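Let me begin by presenting the structure, written as structure tokens, before commenting on it.
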Amino acid sequence: MKPIHIALIGDFNEKKHTHLALNTCVGHCREKLQFPVKTTWIPTTAIPDPIVLSRDYDGLWITPGSPYADDEAVYEVIRWAREQNVPLLGTCGGFQYMVVEYARNVLGMPDAAHEESDPTQPQLVVAKLSCSLKGQQEEVRITDKQSWLYRVLQRDVMTGFFNCAYGVNPAYTDRLNQYPFVFTAFSESGAVRGVELKGHRFFEGTLFQPPLESTPAVPNPLILNFFEHCATPAVAGTVATDR
């Protein structure tokens, strides 16, 4: 496989342990992969235009750390990756913004918003959790046996490592969970923990943060698989799905 270059879209902060864990996880993965992986943090205020992204990067990772310095730029780059069949992984805040973007631009909900950054908007599809998951672990149930999560992990239940206080608003779960935008994993109480856009080359989001359980001996398998997807050429005829 060819070397790959991944854009880490987010406002890196060396004081955020989740950002440091992400960088460390990338290092773990490098030791196990059969091809070189380069990653570059791109501040949300300096996201390149699509021509540069297409030329210089093989995939995008929307990293934790919301609200971002430029929220609208993050929504726009998610939209571009979704429409152009570019591999995209969103974890924690990245997952949340993927949900908002899809609601706005595909499901006909122009007022869809994130409560943390737009609390006065009428359709808060991402809202404050009833119980914060900052620094918490939780049992996550993978309900979609055809999903990326299940294909990689090969199990119904996993432990998710979290550092967030916001998630999908339960009042909108049914409206949002419409094929091809499918919620693939849930908490024991039924709260959304994972999403996948069927038919896309790679468009996956998790509220939990896989790097937080990565080790040198066992790099996180989800992140390893993301890099492998980015190194694999798109299959002819596979296109992004847009309702």
Side-chain angles (χ1 to χ4, degrees), residues 6 8-10 16-26 28-29 59-68 74 78 87-102 114-116 125-170 172-173 176-177 181-197 202-215 218-227 229:
I6 305 299
L8 305 177
I9 305 295
K16 285 185 179 290
H17 75 281
T18 55
H19 287 179
L20 298 179
L22 190 155
N23 284 345
T24 300
C25 175
V26 171
H28 298 162
C29 292
L60 310 179
W61 185 344
I62 311 299
T63 67
S66 61
Y68 302 100
V74 176
I78 292 171
L88 181 142
L89 173 67
T91 53
C92 195
F95 159 82
Q96 296 161 18
Y97 279 53
M98 290 167 70
V99 172
V100 174
E101 186 280 325
Y102 197 83
H114 192 304
E115 185 175 10
E116 185 177 28
V125 298
V126 172
K128 194 167 187 177
L129 298 170
S130 56
C131 294
S132 174
L133 288 171
K134 285 188 175 292
Q136 300 298 309
Q137 299 177 28
E138 176 193 77
E139 186 175 275
V140 174
R141 300 179 181 274
I142 302 171
T143 55
D144 182 351
K145 299 300 189 297
Q146 304 302 315
S147 68
W148 169 66
L149 290 175
Y150 189 82
R151 290 195 304 273
V152 174
L153 300 177
Q154 289 294 299
R155 58 181 186 267
D156 300 315
V157 179
M158 59 166 287
T159 299
F161 289 68
F162 296 82
N163 195 63
C164 63
Y166 293 84
V168 174
N169 186 339
Y172 290 95
T173 297
L176 295 167
N177 190 23
F181 194 72
V182 177
F183 292 145
T184 57
F186 298 82
S187 70
E188 189 172 3
S189 64
V192 179
R193 299 296 185 248
V195 69
E196 176 174 304
L197 183 62
F202 189 97
F203 195 86
E204 308 286 348
T206 65
L207 187 62
F208 55 89
Q209 298 192 38
L212 294 179
E213 59 172 328
S214 186
T215 68
V218 186
N220 187 273
L222 296 173
I223 305 306
L224 280 171
N225 188 263
F226 168 56
F227 291 150
H229 269 86

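Note that the numbering runs from 1 along the sequence shown for the chain. Predicted, not measured: the structure shown is a model, and the values here were computed from it. Just the heavy atoms: all of them, side chains too, but no hydrogens, waters or symmetry mates, feed the values below.
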>> Filter on side-chain hydrogen bond (donor to acceptor under 3.5 Å, both in side chains), then keep only pairs touching residues 153-166, sequence neighbours left out; what's left?
In response: Lys145-Asp156
>> Nearest 0.5 angstrom please: Ile6 CD1 to Leu60 CG, how far?
In response: 8.0 Å
>> Holding to salt bridge (Lys or Arg N to Asp or Glu O under 4.0 Å), I want the full list of residues that pass it with Arg151, two or more places apart in sequence or in another chain.
In response: none
> Do Leu129 and Cys164 have side-chain heavy atoms sitting under 4.5 Å apart?
Replying inline: yes
>> My understanding is that only residues two or more places apart in sequence, or in another chain, count here; which of them pass side chain to side chain donor-acceptor pair (under 3.5 Å) with Asn23?
In response: Trp41
> Between the side chain of Thr91 and the main-chain N/O of Thr63, is any donor-acceptor distance below 3.5 Å?
Replying inline: no
> Quick one: ring-ring contact (aromatic ring centres under 6.0 Å, His included) partners of Phe95, sequence neighbours excluded?
Replying inline: none
>> If the condition is ring-ring contact (aromatic ring centres under 6.0 Å, His included), which residues does Tyr68 pass it with, not counting sequence neighbours?
In response: Tyr97
>> For Glu213, give me all partners under salt bridge (Lys or Arg N to Asp or Glu O under 4.0 Å), at least two apart in sequence or on another chain.
In response: none
> With sequence neighbours left out, what residues match Glu101 under salt bridge (Lys or Arg N to Asp or Glu O under 4.0 Å)?
Replying inline: Arg82
>> Please enumerate all residues that pass side chain to side chain donor-acceptor pair (under 3.5 Å) together with Gln136, with sequence neighbours excluded.
In response: none
>> With a 4.5 Å cut-off on side-chain heavy atoms, are Val152 and Phe226 touching?
In response: no
> Got a sec, which residues hit ring-ring contact (aromatic ring centres under 6.0 Å, His included) with His28, two or more places apart in sequence or on another chain?
Replying inline: none
>> Go through it in stages, so that I can follow the logic: the residues are Leu89 and Phe202, the test is side chain to side chain contact (heavy atoms under 4.5 Å, CB included), and I'd like the CA-CA distance, side-chain angles, deciding distance and then a yes or no.
In response: CA-CA 8 Å; Leu89 173 67; Phe202 189 97; 4.1 Å; yes
> For Cys25, which of Leu224, Ile223, Leu20 qualifies under side-chain contact (heavy atoms from CB on, under 4.5 Å)?
Replying inline: Ile223
>> Under the rule for side-chain contact (heavy atoms from CB on, under 4.5 Å), what residues qualify as partners of Val157, not counting sequence neighbours?
In response: Glu139, Arg141
> Could you state the interatomic distance from CG (Asn177) to CZ (Phe183), rounded to the nearest 0.5 Å?
Replying inline: 5.5 Å
> Is the backbone N or O of Ala127 less than 3.5 Å from a side-chain atom of Asn169, with the two atoms forming a donor-acceptor pair by type?
Replying inline: no
> Say you draw a straight line from CG of Leu176 to CZ of Phe181; how long is it, rounded to the nearest 0.5 Å?
Replying inline: 7.0 Å
Donor-acceptor contacts, no H, no angles, side chain residues 203-211, under 3.5 Å, sequence neighbours left out:
{"unit_1": "Thr206", "atom_1": "OG1", "unit_2": "Phe208", "atom_2": "O", "d": "2.7"}

>> Before you tell me yes or no, could you show the steps for Thr18 and Cys92 under side chain to side chain contact (heavy atoms under 4.5 Å, CB included), namely the whole-Å CA-CA distance, both residues' side-chain angles and the distance that decides it to 0.1 Å?
In response: CA-CA 10 Å; Thr18 55; Cys92 195; over 6 Å; no
> What pair of heavy atoms forms the shortest contact from Ser66 to His114, and how long is it?
Replying inline: OG-NE2, 4.4 Å
>> As an exercise, state the distance from CG of Leu22 to CG of Leu8, rounded to the nearest 0.5 Å.
In response: 6.0 Å
> Looking only at heavy atoms, which two atoms of Ala165 and Lys134 are closest? And how far apart?
Replying inline: CB-CE, 4.3 Å
>> Once rounded to the nearest 0.5 Å, what's the spacing between atom CG of Leu153 and atom CG of Leu222?
In response: 4.5 Å
> What do the steps show when you test Leu212 against His17 for side chain to side chain contact (heavy atoms under 4.5 Å, CB included), and what is the final call?
Replying inline: CA-CA 9 Å; Leu212 294 179; His17 75 281; 4.3 Å; yes
Let me check something: any side-chain donor-acceptor pairs from residues 185-197 under 3.5 Å, sequence neighbours excluded? List them with distances.
{"unit_1": "Ser187", "atom_1": "OG", "unit_2": "Ser189", "atom_2": "N", "d": "3.3"}
{"unit_1": "Ser187", "atom_1": "OG", "unit_2": "Ser189", "atom_2": "OG", "d": "3.0"}
{"unit_1": "Ser187", "atom_1": "OG", "unit_2": "Gly190", "atom_2": "N", "d": "3.3"}
{"unit_1": "Ser187", "atom_1": "OG", "unit_2": "Ala191", "atom_2": "N", "d": "3.0"}
{"unit_1": "Arg193", "atom_1": "NE", "unit_2": "Glu138", "atom_2": "OE1", "d": "2.7"}
{"unit_1": "Arg193", "atom_1": "NH2", "unit_2": "Glu138", "atom_2": "OE2", "d": "3.1"}
{"unit_1": "Glu196", "atom_1": "OE1", "unit_2": "Trp148", "atom_2": "N", "d": "2.7"}
{"unit_1": "Glu196", "atom_1": "OE2", "unit_2": "Lys198", "atom_2": "NZ", "d": "2.9"}

> Are the side chain of His229 and the backbone N or O of Leu88 linked by a donor-acceptor pair below 3.5 Å?
Replying inline: no
